[in-house]
Number of protein chains: 2
Amino acid sequence: MDGNGKKNTNRPVRVEDVARVAGVSPITVSRALSYPEKVKEDTRRKVAEAVAQTGYVVNSFASSLRSGRSSVVAVFSSNVRNPHFANVLLGCTEVLEDNGYQLLTARVGESAEEQRRLIASMTPFRPAAMLFTDLLKPELDRSIISSAGIPVVEMWDQRMDPIDMLVTMWEADAGRTMGRHFAERGFSRIAYAGLLFDRGRRRLEGFRAALKEVGRDCELVLSLTEGWQPDAGAAAFDEVLDRLPGCDAILFGSDILAAGALSAARRRKVNVPTDIAIAGFGDIPVAAHLDPPLTSLGVPSLEMGRKAGQMLLGKLRGREITERIVSFPAVLHARDSTAR
Amino acid sequence: MDGNGKKNTNRPVRVEDVARVAGVSPITVSRALSYPEKVKEDTRRKVAEAVAQTGYVVNSFASSLRSGRSSVVAVFSSNVRNPHFANVLLGCTEVLEDNGYQLLTARVGESAEEQRRLIASMTPFRPAAMLFTDLLKPELDRSIISSAGIPVVEMWDQRMDPIDMLVTMWEADAGRTMGRHFAERGFSRIAYAGLLFDRGRRRLEGFRAALKEVGRDCELVLSLTEGWQPDAGAAAFDEVLDRLPGCDAILFGSDILAAGALSAARRRKVNVPTDIAIAGFGDIPVAAHLDPPLTSLGVPSLEMGRKAGQMLLGKLRGREITERIVSFPAVLHARDSTAR
DNA sequence: GTGAAAGCGCTAACAC
DNA sequence: GTGTTAGCGCTTTCAC
């Protein structure tokens with residue numbers, strides 16, 4: 001029934017039980033498990049045997065309560081269906097789990113009030129550090145975070161005043177890179193479609209700034225509020241063609257939207273890129289395999305997640321922090337969808 | 001500095017402090033917070049004020065240690081970059097977080113030994129329930145899970161003997177559905193390419209069984225072991241064309257692989273579906289927007305994640321479990337990529 | 001290198 | 001409806 005040799009009494013095994021079996025005191029068991037180097041080789045072996053025999057598992061609640069130390073990192077994450085965020089999560093999980101930390105996850109929350117509530121729901125666990133894999137709302141009172149006095153990494157923020165540390169990509173730079181690409185290609189009647197909150201707005205600003213440098217502009221901006229799936233991109237494509245006749249290039253806020261637009265173009269027998277060029281954002285794996293292959297800006301989200309984890313880890317280990325703000329560059333992948 | 005009015009001493013605020021301010025005993029504070037209905041309206045108000053004034057936050061470690069209750073659900077999840085798993089995670093997070101549970105996440109692990117290690121790393125937290133969003137290895141000694149004596153949901157398993165509860169989709173049925181579709185379309189030289197572990201193998205078995213019913217078979221099976229990204233699909237497409245001349249239909253283990261194959265077909269000027277039909281698995285959002293739109297089997301992963309969360313919740317609340325095994329059907333989306 | 005005593009902060013059990 | 005006492009299981013502190 002019970003291959004572990006665990007006792008059949010309902011009472012869980014405690015250090016005391018292990019101590020009795022090993023013929024040592026409880027504190028020695030504790031030390032043998034937490035600081036093996038502080039215990040004689042022989043004692044260590046006896047304790048290990050007793051642990052195996054009794055099936056002992058430490059109780060984190062008791063351990064953390066007494067020691068005041070916690071191996072929990074609170075991670076606030078948003079929509080994992082967005083490949084960006086999935087990559088970030090993967091990257092930071094890798095780093096933190098491999099270093100003995102447990103991840104307590106919560107949604108990041110969509111309104112300032114919801115964010116406050118979710119952060120408050122984590123504080124009883126006294127996490128050792130916090131990681132926000134998506135933007136905090138500007139309206140949020142950040143003192144509830146900073147007052148915890150623990151290492152904190154925010155991500156994607158566009159400002160220079162993080163609570164503690166920041167891993168980001170400057171959206172305006174990314175937008176500018178794409179704007180220059182559009183300028184080089186000589187597109188003249190240009191549209192943009194995407195979400196226009198925080199990051200999207202900054203990206204659009206950079207995009208327009210680069211166009212203005214060569215005397216052009218983004219003549220139509222579609223602010224998508226509902227939907228980020230391909231259908232929304234297809235609908236946006238139709239709307240652009242209606243509202244901006246002669247439009248020869250559209251930048252979308254994401255590759256998913258752009259993929260929808262490519263399919264709408266096929267349906268309407270509009271040739272991409274000859275009739276109209278299309279570009280996206282994020283460089284998801286299928287981008288290079290769409291028809292035509294989609295020009296996109298790649299975001300090193302996996303590396304960003306890893307970096308966030310490493311920064312927390314560094315601070316948890318008391319290393320001096322040299323860079324509080326780390327920004328990653330977006331990389332242009334020019335493909336056929338914007339060819340000339 | 002501290003808008004919460006929290007004291008500046010380093011000692012954290014305890015129930016005792018709140019009790020003093022409110023003019024009641026510690027246990028009354030505890031009750032006012034955990035069982036408000038057991039406390040007079042007036043007392044409740046005084047406690048609430050004292051909590052606000054002191055900035056008190058309960059210490060989960062102490063609370064759980066004493067009460068023996070835990071609000072933590074351990075979730076073992078795999079590659080969130082796979083849209084299936086991202087959806088599952090999203091679904092169960094929704095349900096569990098909205099009902100007061102905190103999610104402690106770990107990777108599910110790739111080998112039986114790693115799985116054992118990761119599960120063991122969660123047990124010190126005495127979770128109230130466990131959820132495995134991906135398969136457990138058959139070699140894993142499951143007694144370490146069942147001996148915890150808590151509600152457990154496994155997902156995707158193809159057997160009928162879960163540790164406790166199971167949310168799954170019968171891969172063989174799904175494969176059969178696709179096999180019948182291929183049979184109806186009259187394809188005759190058929191290939192399969194995908195991962196052939198656990199789930200993929202069962203799916204292929206169903207696929208072949210349906211083909212055999214009409215006197216056909218899957219003549220070439222490519223076992224992909226490295227890579228599930230589009231490039232691997234493109235390479236598999238090339239290999240099939242080399243090794244099975246006259247092949248008129250390929251089923252891929254995922255839509256991502258199939259998307260890569262579609263792009264390889266374009267590169268080689270092979271027409272889909274006239275020259276060769278292609279189908280995938282998973283019905284990711286872009287599937288309907290590829291060129292041609294991709295035939296795929298949709299898996300209701302978001303609902304499956306929600307269901308898993310609800311089943312755990314039901315058992316945690318002591319409700320009688322009526323169905324220990326819940327299976328969801330895969331839905332065929334026949335699109336142009338397998339048209340005749 | 002090991003042990004004895006104490007206490008982390010909370011809430012169960014029981015009393016009133 | 002509220003209070004008193006005790007103890008959850010561990011690890012700190014100090015002693016040897």
Side-chain angles (χ1 to χ4, degrees), chain A residues 6-7 9-48 50-51 54-72 123-128 148, chain B residues 6-7 9-48 50-51 54-72 123-128 148:
Chain A
K6 190 172 4 183
K7 290 208 199 89
T9 62
N10 285 328
R11 191 169 60 70
V13 181
R14 306 192 306 267
V15 266
E16 198 189 316
D17 304 314
V18 180
R20 202 177 312 113
V21 172
V24 295
S25 73
I27 184 60
T28 301
V29 173
S30 172
R31 277 199 276 255
L33 297 174
S34 299
Y35 308 94
E37 73 283 2
K38 293 195 172 181
V39 154
K40 260 202 312 196
E41 167 71 43
D42 184 53
T43 315
R44 200 159 47 204
R45 214 203 55 249
K46 279 192 293 187
V47 169
V51 165
T54 52
Y56 173 73
V57 175
V58 68
N59 182 325
S60 290
F61 297 132
S63 168
S64 285
L65 173 60
R66 181 62 246 234
S67 69
R69 272 181 266 106
S70 156
S71 64
V72 166
T123 52
F125 289 92
R126 313 288 150 115
Chain B
K6 194 184 336 189
K7 292 209 198 88
T9 61
N10 285 329
R11 191 171 58 72
V13 182
R14 308 192 305 266
V15 266
E16 198 189 318
D17 304 314
V18 179
R20 202 177 313 111
V21 172
V24 296
S25 75
I27 185 66
T28 301
V29 172
S30 173
R31 276 198 277 255
L33 297 174
S34 298
Y35 308 95
E37 71 285 2
K38 294 193 172 182
V39 155
K40 259 201 315 196
E41 166 72 43
D42 185 52
T43 315
R44 199 158 49 207
R45 215 204 54 248
K46 278 191 293 187
V47 169
V51 165
T54 53
Y56 173 71
V57 175
V58 68
N59 182 326
S60 290
F61 298 131
S63 168
S64 285
L65 174 60
R66 179 63 243 234
S67 69
R69 272 181 267 106
S70 156
S71 64
V72 166
T123 51
F125 289 92
R126 311 290 149 113

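Lettering of chains follows the sequences in order, A, B, ..., and the numbering in each one begins at 1.
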A.B. asks: Any chance you could measure A:Phe61, atom CZ, to A:Phe125, atom CZ, to the nearest 0.5 Å?
C.D. replies: 7.0 Å
A.B. asks: So, does B:Ser25 get its side chain near the phosphate of D:dT2, meaning an N or O under 4.0 Å from OP1 or OP2?
C.D. replies: no
A.B. asks: Between C1' on D:dC10 and CZ on B:Arg126, what's the gap in Å once rounded to a whole number?
C.D. replies: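 My rounded result for the distance is 11 Å.
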A.B. asks: So which one's nearest nucleotide on DNA chain D is more toward 5', B:Lys40 or B:Leu65?
C.D. replies: B:Lys40
A.B. asks: I'd like to compare against my own output: the B/S/- annotation of nucleotides 11-16 of chain D with a strict under-4.0 Å heavy-atom distance to protein.
C.D. replies: BB----
A.B. asks: Looking at OG of A:Ser30 and NZ of A:Lys38, how far apart are the two atoms once the value is rounded to the nearest 0.5 Å?
C.D. replies: 10.5 Å
A.B. asks: Could you measure the distance from the OH atom of A:Tyr56 to the CZ atom of A:Arg14? Nearest 0.5 Å is fine.
C.D. replies: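 So the gap between those two atoms works out to 10.0 Å.
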A.B. asks: Okay, side chain of B:Thr54, backbone of B:Val18: is any donor-acceptor separation there less than 3.5 Å?
C.D. replies: no
A.B. asks: Whole angstroms only, please: what is the CZ-P distance between A:Phe61 and D:dC10?
C.D. replies: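 The distance from CZ of A:Phe61 to P of D:dC10 comes to 12 Å, rounded to the nearest Å.
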A.B. asks: What heavy-atom pair brings B:Ser25 and B:Ala19 nearest, and what distance separates the two atoms?
C.D. replies: C-CB, 3.7 Å
A.B. asks: Rounded off to whole Å, could you give me the CD-to-P distance for the B:Glu16 and D:dT5 pair?
C.D. replies: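 It works out to 14 Å between those atoms.
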A.B. asks: Would you mind checking if B:Arg45 and B:Glu41 are paired as a salt bridge, meaning a charged N to carboxylate O distance below 4.0 Å?
C.D. replies: no
A.B. asks: So do A:Asp17 and A:Arg20 actually touch side chain to side chain, heavy atoms under 4.5 Å?
C.D. replies: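 Yes, close enough: below the 4.5 Å cut-off.
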A.B. asks: Report the distance from atom CG of B:Leu65 to atom OG of B:Ser60, rounding to the nearest 0.5 Å.
C.D. replies: 12.0 Å
A.B. asks: Under 4.0 Å from any heavy atom of chain A: name the first and the last nucleotide of DNA chain C that qualifies, 5' to 3'.
C.D. replies: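 Counting from the 5' end, contacts occupy C:dG1 to C:dG9.
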